[in-house]
2 protein chains.
Amino acid sequence: MQEATELAITFAALGDPVRRAIVDRLAAGDATVSELAAPFPISLQAVSKHIKVLEAAGIVSRRREGQTRPVRLEPELLDRTAAWLHEHARRLEARYARLDAVLDDMKENR
Amino acid sequence: MQEATELAITFAALGDPVRRAIVDRLAAGDATVSELAAPFPISLQAVSKHIKVLEAAGIVSRRREGQTRPVRLEPELLDRTAAWLHEHARRLEARYARLDAVLDDMKENR
DNA sequence: CCTGTACTCAACCATTTGGTTGAACATCAA
DNA sequence: TTGATGTTCAACCAAATGGTTGAGTACAGG
């Protein structure tokens, strides 16, 4: 990473396998930092850093709850990112369909 | 990056602003390496490397056409990635909706 | 108040990444 | 064939990333 567009940050955040796994886990429900860290062979601090990256990207939010810091996945950004991807895919498919039509036409009238 | 799941690779590939811009450009139609490199202040070789990353991720494909190597955006992977994101967002929204319903219920019956 | 628990912050290190330049390869055009 | 054009390959470098450990902060419970 190095720049600042929202989508670039989102993708960069999801580009790390540990962070992707964290997001997967959070899709099932909120979790504390220790809970999120448990499955990984890395230190709690490292996981804490990953969560910070996800939070900076707007993918998760944290709140304080006693001495624990539950993390919640925020759907909104994921939705917008999905929309971006979907729009690209849609446009491409339409374009390729038109191309195929032209080619078929050429074949028929040959 | 460091691992191998398809999605992690896809996201990592799209996480770089230059590569995201390349994908944006390709959504409008195929382009050669030089054409893709033109808007950027970096060397042609650097752009060539970026395209290699996108190709390895399965986001684009290259063919030879004379001395030129046109790059094409492949919709399929983008679609699958969008589906992943959308599914997460959908599940979350459903979960939060249920939560809200429960909270409303508690409020009514207080 | 003191101790343990749950984190975060800071300094540091190794590896990866994104860039560079220079040389090589493939194709077209003369 | 020779030279120009388009692109890739290789070696190299600086900066960013992901990890570590050690110290600090915030709250809960005895």
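Numbers restart at 1 for each chain; the letters A, B, ... are given by sequence-line order, proteins then strands. Note: hydrogens, waters and symmetry copies are ignored here, and every other heavy atom, side chains too, is used.
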Roughly, in whole Å, what's the span from [atom1] in [X] to [atom2] in [N]?
{"X": "B/His50", "N": "C/dT16", "atom1": "NE2", "atom2": "C1'", "answer": "14 Å"}
{"X": "B/Glu35", "N": "D/dT5", "atom1": "CD", "atom2": "P", "answer": "16 Å"}
{"X": "A/Gln67", "N": "D/dG29", "atom1": "CD", "atom2": "P", "answer": "7 Å"}
{"X": "A/Arg69", "N": "C/dC9", "atom1": "CZ", "atom2": "C1'", "answer": "13 Å"}
{"X": "A/Asp16", "N": "C/dT16", "atom1": "CG", "atom2": "P", "answer": "13 Å"}

Salt-bridge contact [X]-[Y] (side-chain N to carboxylate O under 4.0 Å):
{"X": "A/Glu65", "Y": "A/Arg63", "result": "yes"}
{"X": "A/Glu93", "Y": "A/Arg90", "result": "no"}
{"X": "A/Lys52", "Y": "A/Glu55", "result": "no"}
{"X": "A/Arg20", "Y": "A/Asp16", "result": "no"}

Contact list for DNA chain C against residues 56-66 of chain A - heavy-atom distance below 4.0 Å: A/Arg62
With respect to the side chain of A/Val18, which nucleotide from D/dG19, D/dA28, D/dC9 is positioned closest?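 Nearest nucleotide to the side chain: D/dG19.
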Choosing from C/dA6, D/dC9, D/dG18, which nucleotide comes nearest the side chain of B/Lys52?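 Of C/dA6, D/dC9, D/dG18, D/dC9 is nearest to the side chain of B/Lys52.
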Working to the nearest 0.5 Å, report the span between CD of A/Glu6 and CH2 of A/Trp84. 12.0 Å
Applying a 4.0 Å non-hydrogen cut-off, can you work out what B/Lys49 is touching in the nucleic acid: base, sugar-phosphate, or nothing?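 B/Lys49: base contact, heavy atoms under 4.0 Å.
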Which part of the nucleic acid, if any, lies within reach of A/Ser43 when heavy atoms closer than 4.0 Å are counted: base, sugar-phosphate only, or nothing?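 Base contact.
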For B/Gln45 and for A/Ile42, locate the closest nucleotide of DNA chain D by heavy-atom distance; then report the residue assigned to the nucleotide nearer the 5' terminus.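 First, find each residue's nearest nucleotide; the 5'-ward one identifies B/Gln45.
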In terms of the nearest nucleotide of DNA chain D, which residue is placed more toward the 5' end: A/Leu44 or B/Val33?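 Taking each residue's closest nucleotide, the earlier one in sequence belongs to B/Val33.
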Do B/Ile22 and B/Val47 come within less than 4.5 Å of each other through their side chains, counting heavy atoms only? yes
Measuring to OP1 and OP2 of C/dT8, would you say a side-chain N or O of A/Ser48 lies under 4.0 angstrom away?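 Looking at the OP1 and OP2 atoms of C/dT8, one of them is under 4.0 Å from a side-chain N or O of A/Ser48.
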Can you name the closest pair of heavy atoms from B/Ala57 and B/Leu77 and give their distance? O-CD2, 2.8 Å
